[in-house]
Amino acid sequence: MDKISNKRSETRTETDSMGAVEVPKHALWRAQTERARQNFQLSNMHFPLEFIYTLAHVKAAAADANLEAKAITQPQAEAIHAAVEVILSGQADDAFPLDIFQTGSGTSTNMNMNEVIASLAQHQGHESIHPNDHVNASQSSNDVIPTTILVSSVLNLRQQLLPALAHLRQMIARKASTLMETIKTGRTHLMDAMPLSMAQELHAWRTQLEHIEDGLNQAIKTASRLPQGGTAIGSGINAPKNFGERFCHFLSQRTATEFHASDNPFAGISGQEVNLMISGHLNALSAVLLKISNDLRWMNSGPLAGLAEISLKALQPGSSIMPGKVNPVIPEAVAMVCAQVAGNHQTITVAAQQGNFQLNVMLPVIAYNQLQSIALLSNAARALADQAIVDFTVNHDRLNEALAKNPILVTALNREIGYNKAAEIAKKAYQQQRPILDVAEEMTDIPRDKLEQLLDPKNLI
């Protein structure tokens, strides 16, 4: 079915508490949305569909809770449900045109949804559905938008990011299982250090990802306690008793995800520290993915003048002027994602500080940046797994050559000859660019066969 049209060539007159306003004739929105559309033209940034669809779920769950509390009738609840299904089917995607940079409570977008649902209900023959009195019954933008941010974040974390991270961990573990016997020079301060297996290097990445997953799972538990039912400031004015509990029951059923009413809706409306905590974990994940990306870039560097320890799969020509050049494009793309997420986190940090008295007034920009970070990181994790890690090849000759000349291997002789003597051997081996084994044989009384055993990289990892 084609998306419902919002042609703007003709207009109709709609009214709200401020009077009449001309609205595009075929638009599903009404007066309040149109005022906001005209007032807020600061960017081309809009709420992502994940947020819009979650907001529709919130309206459906609220209708169920209102019906149970007898705040609306059965036909009114059914009309709201039918309209929500149209929205969730994607037929009304262009009915949500508002700029992210709008009223800080997100009231404009809440009313946009209320008006679209009412219009869809009217198109289906339900003339009595009012955007405020029925669709928004027992609700306020001040509890609806914070709730929708939390719910959309939880759903997208569970459905997008955590599966992507699990996939990345699995691909790292699979690759590491083929590299158990591959020994390489370790590096600290970007300088040669003691050896390790490449599997150990990759498993370090895997453990870092596990740390992030632990934090995200804990944050999801906290974010699953919703302020819906607090209405304007948290006191629950105009909402039936236990509305929040009823709402969470129906929302949990709709989303197959467990949600509970907050013990203190005042906090969820006036504060945004829970979303800031989520953003903090996303920012930490960006640091991990950037570390992995940079490690891959360094190991792939060359092929002649760099480390050249591995070769990433060639995906595209790397230069418009230098024929034959191939670049590590996936790690570079992921690195830019990480930079974007770090910027998003800074935005959310500033926005979360704007909880003045009983309401935070930067809710839309928190929603936009948080959902963008989740989507970007989900895609980045899968790209690293499937386009960089799964099929890189190891340049064993290069690894072995560097290992043989690594003066830091002399660390293994510290207990035999002392730190100072070992340092002399290391410096001479480096100056003469000779294998540490040969220099150690010259400068100590240790038999060569014992030196071979002491300096064998496989025995040092």
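Note that the structure is predicted; figures quoted are calculated from it, not measured. Side chains included, hydrogens not; waters and symmetry mates left out as well; all remaining heavy atoms used.
Between Leu315 and Gln387, the shortest heavy-atom distance links the atoms CD1-O, 4.1 Å. Of all heavy-atom pairs spanning Leu312 and Pro331, the tightest one is CD1-CG, 3.9 Å. Of all the heavy atoms in Val144 and Val58, the pair that sits closest is CG1-CG1, 4.4 Å. In terms of heavy-atom proximity, Asn156 sits nearest to Ser152 at ND2-O, 2.6 Å. Here the shortest heavy-atom pairing between Glu213 and Ala166 reads OE2-N, 3.9 Å. Considering all non-hydrogen atoms of both residues, Ser140 and Asn110 come closest at C-ND2, 4.2 Å.
With hydrogens and angles disregarded, no donor-acceptor distance shorter than 3.5 Å links the side chain of Thr109 to the backbone of Gly106. At distances below 3.5 Å, not a single donor-acceptor pair connects side-chain atoms of Asn406 with backbone N or O atoms of Ala402. Proximity of a side-chain donor or acceptor of Thr231 to a complementary backbone N or O of Ile237 within less than 3.5 Å is detected. A distance-only check finds no donor-acceptor pair linking the side chain of Gln272 to the backbone of Ala351 [under 3.5 Å]. Using modelled atom types, one side-chain atom of Glu115 and one backbone atom of Arg30 make a donor-acceptor pair closer than 3.5 Å. Not a single donor-acceptor pair under 3.5 Å links the side chain of Ser301 to the backbone N or O of Gly306. When atom types are taken as modelled, the side chain of Asn114 and the backbone of Asn132 share no donor-acceptor pair closer than 3.5 angstrom. Proximity of a side-chain donor or acceptor of Thr207 to a complementary backbone N or O of Ala204 within less than 3.5 Å is not detected. The closest donor-acceptor contact from the side chain of Asn400 to the backbone of His396 lies under 3.5 Å. Under the 3.5 Å distance criterion, the side-chain polar atoms of Ser252 are matched with a main-chain donor or acceptor of Thr257.
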Trace of the side-chain contact (heavy atoms from CB on, under 4.5 Å) decision for Leu282 with Leu216: CA-CA 8 Å; Leu282 299 177; Leu216 286 173; 4.3 Å; yes
Quick one: do Asn300 and Phe392 satisfy side-chain contact (heavy atoms from CB on, under 4.5 Å)? Show the steps, please. CA-CA 9 Å; Asn300 180 77; Phe392 73 72; over 6 Å; no
Could you give me the CA-CA distance, side-chain angles and deciding distance for Leu285 and Leu209, then say whether side-chain contact (heavy atoms from CB on, under 4.5 Å) is met? CA-CA 7 Å; Leu285 175 57; Leu209 292 170; 3.9 Å; yes
One pair to check against side-chain contact (heavy atoms from CB on, under 4.5 Å): Trp298 and Arg187. What are the steps and the verdict? CA-CA 11 Å; Trp298 276 106; Arg187 292 179 182 85; over 6 Å; no
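A donor-acceptor pair shorter than 3.5 Å cannot be found between the side chains of Asp64 and His249. Residues Asp214 and Gln218 bring no donor and acceptor atom of their side chains to less than 3.5 Å of each other. Residues Asn327 and Glu332 have side chains that never bring a donor and an acceptor to within less than 3.5 angstrom of each other. Between the side chains of Asn66 and Ser138, at least one donor-acceptor pair of N or O atoms lies under 3.5 Å. Using modelled atom types and a 3.5 Å distance limit, the side chains of Arg206 and His203 yield a donor-acceptor pair.
Going from atom CZ of Phe47 over to atom CG of Leu55 covers 8.5 Å, rounded to the nearest 0.5 Å. Atoms CZ and CD, from Arg246 and Gln228 in turn, are 14.0 Å apart once rounded to the nearest 0.5 Å. Separating the CG atom in Asn39 from the OG1 atom in Thr103 is a distance of 10.5 Å, to the nearest 0.5 Å. Interatomic distance, Ile220 CD1 to Leu150 CG, rounded to the nearest 0.5 Å: 11.5 Å. Taking CG of Asp192 as the start and NZ of Lys405 as the end, the distance is 12.0 Å to the nearest 0.5 Å. Atom CG of Leu454 is separated from atom OG1 of Thr411 by 12.5 Å, given to the nearest 0.5 angstrom.
A salt bridge links Arg225 with Asp263; the closest basic N to acidic carboxylate O contact falls under 4.0 Å.
With a 6.0 Å radius and a threshold of 12 heavy atoms from other residues, nucleotides or ligands, Arg382 has its CZ atom above the threshold. Heavy atoms from other residues, nucleotides or ligands lying under 6.0 Å from CE of Met180 number 12 at most. In this structure, Tyr419 places its OH atom where only 12 or fewer heavy-atom neighbours from other residues, nucleotides or ligands lie under 6.0 Å away. Atom CG of Asn414 has more than 12 heavy atoms from other residues, nucleotides or ligands within 6.0 Å. In the displayed structure, Tyr430 atom OH is contacted under 6.0 Å by at most 12 heavy atoms of other residues, nucleotides or ligands.
Contact of the His81 side chain with the Val84 side chain is not registered, since no non-hydrogen atoms from C-beta on lie closer than 4.5 Å. Taking 4.5 Å as the limit, some side-chain heavy atom of Asn294 sits within range of a side-chain heavy atom of Arg297. Two residues are said to be in side-chain contact when any heavy atoms from C-beta on lie closer than 4.5 Å; Leu251 and Leu226 meet this criterion. A heavy-atom distance below 4.5 Å is not found between the side chains of Leu290 and Ser286. Counting heavy atoms from C-beta on, the side chains of Pro97 and Asn112 come closer than 4.5 Å. Residues Leu403 and Leu399 are not in side-chain contact: their nearest non-hydrogen atoms beyond the backbone lie 4.5 Å or more apart. Side-chain contact between Asn360 and Pro146: absent, with no pair of heavy atoms (C-beta onward) separated by less than 4.5 Å. No side-chain heavy atom of Ser279 sits under 4.5 Å from any side-chain heavy atom of Ser373.
For the side-chain contact (heavy atoms from CB on, under 4.5 Å) with Trp205, the lone residue among Leu384, Val288, Asp295 that qualifies is Asp295.
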